[in-house]
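To start, the structure itself, in structure tokens.
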Amino acid sequence: MSKILIVDDDKEYRENLKEILDNAGYSNDMAESAKQAMQKLADQEFDVVLLDFMMPGIDGINALGEFKKISPNSKIIMITAFASIENAVVAIKKGASEYISKPFKIEALLLMIKQVIEELRFEGNIKKLKLEGTLSSLSNSIRREIIRLFQTSKKIRLMETARKLDIEDHTKLIFHLKTLKEAKILRQDMKHAYMLTKEGKKVLECLKILDNFLSDK
């Protein structure tokens, strides 16, 4: 059973989240501050940490790096009331796997948790197959789905990609496309359409092989 740590200074909010996650079948614990969360992370393993962006004392952004040092394999979802590409980039660079903006739909949060747990398992399989490096940028399920679009298209555009993947948050999609560009898997043409690089084509073939491998397990 996947284990989740909820880190938020609002007691009622923490308890509401815990009840939701309990009903979804997850094992959960709570922390009212980043300091208390660090103690819990040092004592036990958590698959996912739900971390509030704004907290007294050590805030979410400043806690991220410490969390990753203590529990490098835990996936951190930043919960923020201040959604922006700048906040997203900072959070991801400091170690967050995802972020979600308040107010959010419960279904959206549960889906995100499911995706980062899948990401955690994916990374474990990559290590078993000794495919670290470029493929590690594909541990995120959204980025894998973006790459899979190239099985039927030579080029993709932002809005088309958002529609096909049913992603309403374009800020988040832009971030993932940027990550794939930085990994030299994607490039853009003069009309800003995205296409696979030479390296990206190799990654797509590797992803097909990996999908086949995992489907047999």
Side-chain angles (χ1 to χ4, degrees), residues 48 50 53 75-123 125-126 129 131-215:
V48 181
L50 300 180
F53 186 90
K75 294 297 177 182
I76 299 175
I77 297 176
M78 181 70 77
I79 299 177
T80 175
F82 307 98
S84 70
I85 187 64
E86 291 80 11
N87 286 341
V89 169
V90 171
I92 298 297
K93 284 185 175 180
K94 285 184 173 287
S97 294
E98 274 289 4
Y99 78 97
I100 190 167
S101 304
K102 296 178 182 178
F104 52 79
K105 294 180 180 178
I106 298 305
E107 295 80 4
L109 177 64
L110 293 177
L111 176 60
M112 186 172 289
I113 291 172
K114 181 179 179 181
Q115 288 173 336
V116 297
I117 290 174
E118 179 188 345
E119 180 178 330
L120 189 62
R121 292 171 181 162
F122 187 91
E123 288 175 351
N125 282 308
I126 284 178
L129 294 172
L131 293 173
E132 295 94 335
T134 303
L135 277 185
S136 65
S137 64
L138 298 183
S139 60
N140 182 278
S141 61
I142 294 176
R143 294 198 283 270
R144 293 200 302 277
E145 289 304 314
I146 291 171
I147 294 298
R148 290 188 183 104
L149 291 178
F150 289 97
Q151 295 182 89
T152 55
S153 302
K154 290 185 177 180
K155 297 182 180 182
I156 59 173
R157 297 183 181 278
L158 175 64
M159 298 306 295
E160 175 191 10
T161 303
R163 178 177 56 79
K164 287 185 176 181
L165 300 185
D166 194 24
I167 297 175
E168 295 181 1
D169 188 342
H170 293 171
T171 297
K172 180 181 298 184
L173 180 57
I174 289 170
F175 174 80
H176 289 302
L177 288 166
K178 181 180 178 182
T179 299
L180 291 171
K181 281 183 65 179
E182 291 177 349
K184 301 187 185 305
I185 293 172
L186 295 184
R187 64 182 180 87
Q188 284 180 284
D189 64 14
M190 297 296 291
K191 295 183 178 181
H192 303 292
Y194 292 89
M195 61 187 68
L196 290 175
T197 62
K198 183 177 180 180
E199 183 68 22
K201 291 176 182 178
K202 294 179 181 178
V203 170
L204 176 59
E205 292 305 311
C206 288
L207 184 57
K208 290 178 183 177
I209 294 169
L210 188 59
D211 283 341
N212 289 334
F213 174 85
L214 296 179
S215 67

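Just so it is clear, the structure is predicted and the values come from calculations on it, not from any experiment. Values below: every heavy atom of this structure, side chains too, minus hydrogens, waters and symmetry copies. Throughout, residue positions are numbered sequentially from 1 according to the sequence presented.
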Would Ile146 and Ile156 satisfy side chain to side chain contact (heavy atoms under 4.5 Å, CB included), going step by step from the backbone distance to the final call? CA-CA 9 Å; Ile146 291 171; Ile156 59 173; 4.0 Å; yes
What verdict does the side chain to side chain contact (heavy atoms under 4.5 Å, CB included) test give for Asp169 and Phe175, after you've listed the backbone C-alpha separation in whole Å, the side-chain angles of each residue and the deciding distance to 0.1 Å? CA-CA 10 Å; Asp169 188 342; Phe175 174 80; over 6 Å; no
| request: Take Gln115 and Leu111 through the test side chain to side chain contact (heavy atoms under 4.5 Å, CB included) and record every step on the way to the result. | output: CA-CA 6 Å; Gln115 288 173 336; Leu111 176 60; 3.9 Å; yes
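You'll find the side chain of Glu98 stays beyond 4.5 Å of the side chain of Lys75, heavy atoms only. When side chains are defined from C-beta on, Lys102 counts as touching Ile79, because their heavy atoms get closer than 4.5 Å. Side-chain contact check for Leu110 versus Lys114: every heavy-atom pair is 4.5 Å or farther apart. Here the side chains of Leu109 and Ile113 are in contact, with some heavy-atom distance below 4.5 Å. At least one side-chain heavy atom of Leu149 sits under 4.5 Å from a side-chain heavy atom of Leu165.
Within the 3.5 Å criterion, the main-chain N or O of Leu207 finds no donor-acceptor partner in the side chain of Arg144. The main-chain N or O of Ile185 is found under 3.5 Å from a side-chain atom of Thr197 such that the two form a donor-acceptor pair.
Contacts of Asp189 classified as side-chain hydrogen bond (donor to acceptor under 3.5 Å, both in side chains), with partners at least two apart in sequence or in another chain: Lys155. With sequence neighbours excluded, the residues forming a side-chain hydrogen bond (donor to acceptor under 3.5 Å, both in side chains) with Glu205 are Lys208, listed by chain and number.
Atom CE of residue Met78 and atom CD1 of residue Ile100 lie 13.0 Å apart, to the nearest 0.5 angstrom. With rounding to the nearest 0.5 angstrom, the OG1 atom of Thr161 is 11.0 Å from the CD1 atom of Ile174. Phe150 contributes atom CZ, which lies 10.5 Å from atom NZ of Lys201 (distance to the nearest 0.5 angstrom). Taking CD1 of Ile142 as the reference point, atom CE of Met112 lies at 7.0 Å (rounded to 0.5 Å).
The nearest pair of heavy atoms linking Val116 to Ser97 is CG1-CB, 4.1 Å.
Classification of Lys164 and Glu145 as a salt-bridged pair fails, no side-chain N sitting under 4.0 Å from a carboxylate O.
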